[in-house]
There are 2 protein chains.
Amino acid sequence: MEALFHYIRKYSSIAVSEEDFELIKSHFTYKRLRKKQYFLQEGDVCRYFAFVLKGAMRQYYVDEKGMEHVVQLAIENWWVGDRESWVKLSPSRYTIDAWENSELLMISYQDVVKLSQLFPSLAEMMRKMDESNNIATQKRITSAISHSAERRYADFALEYPEILRRFPQYVIASYIGITKDTLSRIRKQGLNN
Amino acid sequence: MEALFHYIRKYSSIAVSEEDFELIKSHFTYKRLRKKQYFLQEGDVCRYFAFVLKGAMRQYYVDEKGMEHVVQLAIENWWVGDRESWVKLSPSRYTIDAWENSELLMISYQDVVKLSQLFPSLAEMMRKMDESNNIATQKRITSAISHSAERRYADFALEYPEILRRFPQYVIASYIGITKDTLSRIRKQGLNN
DNA sequence: AAAAAAAGTAGACAAATGTCTACCCAGTTG
DNA sequence: CAACTGGGTAGACATTTGTCTACTTTTTTT
């Protein structure tokens, strides 16, 4: 529980008192998920966005041929959810499941809006989250459209070593948009440089 | 000038008076760019984010081999700029130039922060912009890592017909991460379906 | 420890995409 | 009108990446 408190303070310039935090906390729902359990299934509305207290989560899209494409990975102190579905309450095209046993703190969009009005610090945190999220996705797009698979993997390994450690290669491969076979080749080749 | 006013009202639930708007407006700088002129050059800090009143802008990244990779395109009522550089005042890796003669309304990060404190409606607009931007980039990433070039082009054409009309094929090709040659082939093939 | 499941590697082949050169076409400019 | 420029197409070939099947290694479960 403390992790969220730290997170809010880290991303906010305005102080948050213990009492404020108690009220904020009361709007979050704690949830435990065991490995392989779903947080969101395709077609369902993503009613909650979740702060990851513990564990590792995977968000993916299943195409017409039944192939899974990983669009997002999250570990401790990251947020997970389908933004569009969460905001618009529209059915999601994504599936989110727990890759490890995980603990989450979930909150609805409505409650975020409400709390943001009460606590400017929370609004600020959300804004900064959005901001850094935008910056990160911009980088990912730049990488995806302009670099080779080899370069994308190298960049990823450098930027997210912890993620690399906790997910198997084929999940990472999917995240950077290639198959496990290609990643295996790239890694082998990389050893001789 | 009116376009920005409309934009703010459209994206904000809180009313904005004419007087408020006058003050907001005074923080924006009007700028005209002729075709091919730069709005941002690689290595420079992106001091301003710009609202496009008129014209068409192109944002791209130049790789080690001198190849240009289009990361963003913008026309009327869109915003353009390098978010990371703008927020952190760090040198940008991107170049932004005018594809058509254009008119912009530019604003610094500092001024946005200041105005957001004065006008909740502006803060709300910014938040919604971020939100929809996040949703759009998420979709683009999903498309980039999981669809074929053909599918990506089809999706693009459907979602942004106006952009398609105003930029040449090779710019669109770069935007979706392929070469002009490949796009040419895809389009030819598409005629027979 | 044995068995089963999950993850990674390898190689052969196929498909998609990139590269390069040449040429065409349309609009603009001298 | 000729020359030029920007954009698009075409085809030959190279490279990258995907697909599939088989096998090995590692991890988990029993």
Side-chain angles (χ1 to χ4, degrees), chain A residues 34-37 55-56 58 60-70 73 97-101 143-157 163-193, chain B residues 34-37 55-56 58 60-70 73 97-101 143-157 163-193:
Chain A
R34 267 190 309 216
K35 200 173 167 168
K36 300 202 177 171
Q37 282 188 308
R58 176 182 67 139
Y60 58 95
Y61 161 76
V62 181
D63 70 20
E64 315 76 41
K65 291 165 198 145
M67 307 276 284
E68 297 176 355
H69 301 276
V70 175
L73 297 171
D97 62 14
W99 190 260
E100 302 173 359
N101 295 334
S143 187
I145 66 171
S146 57
H147 298 326
S148 67
E150 186 171 359
R151 170 70 183 277
R152 295 203 305 275
Y153 177 69
D155 288 354
F156 180 88
I163 300 262
L164 192 68
R165 217 175 53 71
R166 294 186 39 195
F167 289 90
Q169 273 184 42
Y170 74 91
V171 171
I172 305 294
S174 177
Y175 180 91
I176 62 176
I178 59 177
T179 60
K180 69 181 170 65
D181 310 74
T182 299
L183 181 51
S184 179
R185 270 174 276 192
I186 285 169
R187 284 174 39 105
K188 185 185 173 190
Q189 210 211 3
L191 295 178
N192 316 321
N193 299 343
Chain B
R34 267 191 309 216
K35 200 172 167 169
K36 299 203 178 171
Q37 281 189 309
R58 175 182 66 139
Y60 57 96
Y61 162 76
V62 181
D63 70 20
E64 316 76 42
K65 289 164 199 145
M67 307 276 283
E68 297 176 354
H69 301 275
V70 175
L73 298 172
D97 62 14
W99 190 260
E100 302 173 359
N101 295 334
S143 187
I145 66 170
S146 57
H147 298 326
S148 68
E150 186 172 359
R151 170 71 183 277
R152 295 202 306 273
Y153 177 69
D155 288 354
F156 180 88
I163 300 262
L164 192 67
R165 216 175 54 72
R166 294 185 42 194
F167 289 90
Q169 273 184 42
Y170 74 91
V171 171
I172 305 293
S174 177
Y175 181 90
I176 61 176
I178 59 178
T179 60
K180 69 182 171 60
D181 311 74
T182 299
L183 180 52
S184 180
R185 270 174 276 192
I186 285 169
R187 299 192 61 221
K188 184 186 174 189
Q189 209 214 1
L191 296 178
N192 317 320
N193 298 343

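Naming: A, B, ... by sequence-line order, numbering from 1 per chain.
- Distance, Arg151(B) CZ to dT17(C) C1': 19 Å, rounded to whole Å.
- Rounded to whole Å, the distance from NE2 on His69(B) to P on dG18(C) is 10 Å.
- Closest-nucleotide positions on DNA chain D for Gln169(B) and Met67(A) were compared, and the one nearer the 5' end corresponds to Gln169(B).
- A salt bridge links Asp155(A) with Arg151(A): the closest approach of a Lys/Arg side-chain nitrogen to an acidic carboxylate oxygen falls below 4.0 angstrom.
- In plain terms, the two heavy atoms of Asn101(A) and Lys35(A) that are nearest each other are OD1-N, 2.8 Å.
- Rounding to whole angstrom units, NZ of residue Lys180(B) and P of dC20(C) are separated by 11 Å.
- Annotation for Glu68(B) and Ser174(B): closest pair O-OG, 3.4 Å, computed over non-hydrogen atoms.
- Closest approach of Val70(A) and Ile145(B) over heavy atoms only: O-CD1, 3.0 Å.
- Side-chain N/O atoms of Ser184(B) include one lying less than 4.0 angstrom from OP1 or OP2 on dT9(D).
- Look at OH on Tyr153(B): it is 12 Å from C1' on dG8(D), rounded to the nearest Å.
- The separation between Phe167(A) atom CZ and dG8(C) atom P is 13 Å, rounded to whole Å.
- In this entry the distance linking CG of Asp181(B) with P of dG18(C) reads 8 Å, nearest Å.
- The nearest heavy atom of DNA chain D to Tyr170(B) and to Gly177(A) marks one nucleotide each, and the one closer to the 5' end goes with Tyr170(B).
- Considering every non-hydrogen atom in both Arg166(A) and Gly55(A), the closest pair reads NH2-O, 3.1 Å.
- At the phosphate of dA10(C), OP1 or OP2 sits under 4.0 Å from a side-chain N or O atom of Lys188(A).
- Ile186(A) has its CD1 atom 12 Å from the P atom of dT9(C), to the nearest Å.
- At the phosphate of dA6(C), OP1 or OP2 sits under 4.0 Å from a side-chain N or O atom of Lys36(A).
- Side-chain atoms of Thr179(B) lie closest to dG18(C) of the nucleotides dA7(C), dT9(C), dG18(C).
- For a distance-only test at 3.5 Å, the side chain of Arg185(A) qualifies as a donor-acceptor partner of the base of dG18(D).
- The distance from atom CZ of Arg152(B) to atom P of dA16(C) is 13 Å, rounded to the nearest whole Å.
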